[in-house]
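Bear in mind the structure is a predicted one, so any value in this text is a computation, not a measurement. FYI, the numbering just counts along the sequence from 1. The figures here come from the full heavy-atom set of this structure, side chains too, leaving out hydrogens, waters and symmetry mates.
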Amino acid sequence: MPIVNFRHPDGSIDVVDASLNNSLMSAAIKHPVDGIIAECGGNAMCATCHVYVEPAFADRLPAMAEEEDEMLDGTASPRTGLSRLSCQLVVTEELAGMTVDVPPDQV
């Protein structure tokens, strides 16, 4: 299983074993990572699984779908060029070792 790191605003890091072919959000919920709320259960309808992706991994991610792009416009924390919904990021071997930043606010 690839390891993915969730870095919190206070600098603490949750190191998570993420199952291949499942969403990054699912890994966060399974291990419970504070700050990943996932109110809609992974349907790209709430933006409460918003993360900031590490720049070195941004080009390894799939293109953003229109639904995700629209939801990111309504995040509680500011949207940046590295913002993604973790429910839309499928874990692959290419993402092993990736660190994502959990925003200070999700709701």
Side-chain angles (χ1 to χ4, degrees):
M1 272 191 231
I3 290 179
V4 178
N5 305 295
F6 290 84
R7 184 172 37 227
H8 298 278
D10 68 1
S12 65
I13 296 176
D14 286 321
V15 179
V16 171
D17 287 324
S19 298
L20 287 172
N21 302 314
N22 286 320
S23 72
L24 190 58
M25 180 215 72
S26 295
I29 297 303
K30 180 180 177 184
H31 292 279
V33 172
D34 285 339
I36 302 296
I37 299 168
E39 287 179 349
C40 73
N43 294 303
M45 297 180 70
C46 70
T48 60
C49 67
H50 176 210
V51 295
Y52 300 113
V53 177
E54 189 174 16
F57 285 84
D59 64 342
R60 301 180 197 183
L61 301 175
M64 187 181 301
E66 182 178 343
E67 296 84 9
E68 180 181 7
D69 190 34
E70 289 174 6
M71 287 309 306
L72 285 168
D73 284 338
T75 57
S77 290
R79 178 183 184 166
T80 72
L82 298 173
S83 290
R84 295 297 300 260
L85 297 182
S86 60
C87 68
Q88 300 302 297
L89 302 179
V90 175
V91 176
T92 64
E93 288 290 349
E94 290 183 316
L95 301 184
M98 179 173 70
T99 297
V100 296
D101 288 304
V102 178
D105 297 303
Q106 292 281 21
V107 291

Trainee: Tell me if a side-chain donor or acceptor on E54 pairs with a main-chain N or O of M98 at a distance below 3.5 Å.
Mentor: no

Trainee: Enter the distance from E67:CD to C87:SG here, rounded to the nearest 0.5 Å.
Mentor: 10.5 Å

Trainee: E68 side chain to L85 main-chain N or O, any donor-acceptor pair under 3.5 Å?
Mentor: yes

Trainee: Output yes when a side-chain donor or acceptor of S23 lies under 3.5 Å from a complementary backbone atom of Q88, and no otherwise.
Mentor: no

Trainee: Counting C-beta onward and ignoring hydrogens, is there a side-chain heavy-atom pair between P2 and T92 closer than 4.5 Å?
Mentor: no

Trainee: Does R79 use its side chain to pair, donor to acceptor, with the backbone of M71 at less than 3.5 Å?
Mentor: no

Trainee: What distance do R7 atom CZ and I13 atom CD1 have between them, rounded to the nearest 0.5 Å?
Mentor: 5.5 Å

Trainee: What pair of heavy atoms forms the shortest contact from T75 to A47, and how long is it?
Mentor: CG2-CB, 3.9 Å

Trainee: Supply the atom-to-atom distance N43 CG to C49 SG, rounded to the nearest 0.5 angstrom.
Mentor: 10.0 Å

Trainee: Which residue is it: V100, D14, T48, V51? I am looking for the one with a side chain to side chain contact (heavy atoms under 4.5 Å, CB included) to I36.
Mentor: V51

Trainee: Determine the minimum heavy-atom distance between S83 and Y52, stating which atoms define it.
Mentor: OG-CE2, 3.3 Å

Trainee: How close do A28 and F6 get, heavy atom to heavy atom, and via which atoms?
Mentor: CB-CZ, 3.7 Å

Trainee: Could you tell me whether M45 atom CE has more than 12 heavy atoms of other residues or ligands within 6.0 Å of it?
Mentor: no

Trainee: A side-chain contact here means heavy atoms from C-beta on lying under 4.5 Å apart; do V33 and H8 qualify?
Mentor: yes

Trainee: Looking only at heavy atoms, which two atoms of A63 and R84 are closest? And how far apart?
Mentor: O-NH2, 3.9 Å

Trainee: Report the distance from atom NE2 of H50 to atom OG1 of T80, rounding to the nearest 0.5 Å.
Mentor: 6.0 Å

Trainee: To the nearest 0.5 Å, what is the distance between CG on L82 and CG on D101?
Mentor: 9.0 Å

Trainee: Where do S12 and D10 come nearest, in terms of heavy atoms and distance?
Mentor: OG-OD1, 2.6 Å

Trainee: Search all heavy atoms of A27 against all heavy atoms of A18 and return the closest pair with its distance.
Mentor: CB-CB, 3.8 Å

Trainee: To the nearest 0.5 Å, what is the distance between CG on N22 and CD1 on I29?
Mentor: 13.0 Å

Trainee: Find out if a path of hydrophobic residues (ILVMFWY) with successive side-chain heavy-atom gaps under 4.5 Å connects I37 to L72.
Mentor: no

Trainee: When you measure from the side chain of S86 to the backbone N and O of L24, does any donor-acceptor pair fall under 3.5 Å?
Mentor: no

Trainee: Could you tell me whether the side chain of D34 reaches within less than 4.5 Å of the side chain of V102, counting heavy atoms only?
Mentor: no

